[in-house]
Amino acid sequence: MKMSDIITQAIIKMLDESVDNKAEIQRNEFAEMMGCVPSQINYVLSSRFTAEQGYTIESYRGGGGYIRITRAKLNQPTAIMHIVNSIGNSIDPMASRIVVENCMRTGLIGHEASRILSAAISNSVMSAVPISSRDEVRAAIIKQILLTQIQ
């Protein structure tokens, strides 16, 4: 498992265990605990805990500075529409994987829908699409499948 996945899981665990959907970390101490450099924490926060994915990040600097990660609680249709609107016209493979994982982890889509979505945007399927259009086709597929999940 990649370090960024391990860090992500640790933060998600903190959020899951909190009563108010908030986790606070001190970057340097958290990096030491995770066995990585502080910039790896920054990378994970900026790529996997974005507003588009339903998170807010607040950074407090100074001697006792910390980073607060807050997970928004939205109903399923609102959350899916938020994700669909945030994808835009294209999405790269890594960002799409994160979107699918976040949707499944948060219960917006089930395991079966996640598997179907992952298969539909897989490299083997995308290899039939011209390279210049792959990110656009991937975005369209993700959006349409997510929209079918609105209940």
Side-chain angles (χ1 to χ4, degrees), residues 1-123 134-136 138-151:
M1 182 177 286
K2 292 189 237 175
M3 180 54 74
S4 54
D5 293 332
I6 294 168
I7 295 166
T8 300
Q9 287 180 351
I11 294 171
I12 289 169
K13 184 178 181 202
M14 285 190 272
L15 289 166
D16 289 343
E17 292 173 351
S18 75
V19 292
D20 58 356
N21 285 309
K22 293 180 182 178
E24 291 182 2
I25 60 171
Q26 290 187 312
R27 189 179 68 125
N28 292 338
E29 290 174 13
F30 188 64
E32 187 175 317
M33 182 180 82
M34 299 304 298
C36 66
V37 295
S39 62
Q40 184 78 32
I41 305 299
N42 289 348
Y43 167 76
V44 169
L45 292 173
S46 65
S47 65
R48 300 190 181 192
F49 294 92
T50 65
E52 292 82 17
Q53 295 163 337
Y55 298 94
T56 57
I57 304 291
E58 300 169 81
S59 179
Y60 296 92
R61 301 185 190 276
Y66 60 92
I67 299 170
R68 178 182 296 145
I69 304 111
T70 305
R71 179 171 45 199
K73 279 293 193 187
L74 304 171
N75 63 35
Q76 194 245 17
T78 303
I80 287 178
M81 288 307 300
H82 179 72
I83 293 165
V84 166
N85 291 330
S86 72
I87 289 174
N89 294 328
S90 69
I91 188 168
D92 64 57
M94 186 176 89
S96 63
R97 182 178 65 88
I98 293 168
V99 167
V100 173
E101 287 174 1
N102 283 344
C103 286
M104 189 179 81
R105 183 185 36 72
T106 58
L108 293 175
I109 62 174
H111 182 69
E112 187 65 20
S114 170
R115 288 182 49 211
I116 291 168
L117 184 50
S118 294
I121 62 173
S122 69
N123 288 335
R134 287 182 187 170
D135 290 351
E136 290 82 12
R138 187 179 295 107
I141 291 169
I142 292 172
K143 289 178 186 182
Q144 288 306 305
I145 292 176
L146 286 178
L147 289 172
T148 67
Q149 300 299 298
I150 294 178
Q151 300 172 1

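With rounding to the nearest 0.5 angstrom, the SG atom of Cys103 is 12.0 Å from the CD1 atom of Ile98. In this structure, the separation between OG on Ser86 and CE on Met81 is 10.5 Å, given to the nearest 0.5 Å. One distance of note links CG of Asn42 with CZ of Arg27; it measures 4.5 Å at 0.5 Å rounding. Here the straight-line distance linking atom CG of Leu45 with atom CD1 of Ile25 works out to 5.0 Å at 0.5 Å rounding. Atom CD1 of Ile87 is separated from atom NE2 of His82 by 10.5 Å, given to the nearest 0.5 angstrom. The CD1 atom of Ile67 lies 10.5 Å from the CD atom of Glu24; values are rounded to the nearest 0.5 Å.
Considering every non-hydrogen atom in both Ala139 and Ser90, the closest pair reads CB-CA, 3.6 Å.
Residues Asp135 and Ile91 have side chains not in contact (no heavy-atom distance under 4.5 Å, counting atoms from C-beta outward). Looking at Ile121 and Val100, their side chains come closer than 4.5 Å, going by heavy atoms from C-beta outward. Using a 4.5 Å cut-off on side-chain heavy atoms (C-beta onward), Gln40 and Ser4 make contact.
Listed by first and then second residue, the ring-ring contact (aromatic ring centres under 6.0 Å, His included) pairs involving residues 31-50 are Phe49-Tyr55 (not counting sequence neighbours).
Remark: Arg134 engages no residue in a side chain to side chain donor-acceptor pair (under 3.5 Å) (not counting sequence neighbours). Applying the side chain to side chain donor-acceptor pair (under 3.5 Å) criterion to Asp92, with sequence neighbours excluded, gives no partner residue. Under the rule for a side chain to side chain donor-acceptor pair (under 3.5 Å), Glu32 has no partner lying at least two apart in sequence or in another chain. Residues forming a salt bridge (Lys or Arg N to Asp or Glu O under 4.0 Å) with Asp16 (at least two apart in sequence, or on another chain): Arg71.
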Donor-acceptor list for residues 141-150 side chains, cut-off 3.5 Å, not counting sequence neighbours:
unit_1, atom_1, unit_2, atom_2, d
Lys143, NZ, Gly88, O, 2.5
Thr148, OG1, Ile145, O, 2.6

Report the C-alpha distance between Asp5 and Arg48 in whole Å, list the side-chain angles of each, state the deciding distance to 0.1 Å, and finish with yes or no for side-chain contact (heavy atoms from CB on, under 4.5 Å). CA-CA 10 Å; Asp5 293 332; Arg48 300 190 181 192; 2.6 Å; yes
Do Met14 and Ile11 pass the side-chain contact (heavy atoms from CB on, under 4.5 Å) test, and can you show the C-alpha distance, the side-chain angles, and the key distance before you say yes or no? CA-CA 5 Å; Met14 285 190 272; Ile11 294 171; 4.1 Å; yes
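Atom CG of Asn75 is surrounded by more than 12 heavy atoms from other residues, nucleotides or ligands within 6.0 Å. Asn123 CG: 12 or fewer foreign heavy atoms inside a 6.0 Å radius.
Using a distance-only test at 3.5 Å, with no hydrogens or angles considered, a donor-acceptor pair links the side chain of Gln76 to the main chain of Leu108. Side-chain N or O atoms of Ser118 include none that pairs as donor or acceptor with a backbone N or O of Arg115 at under 3.5 Å.
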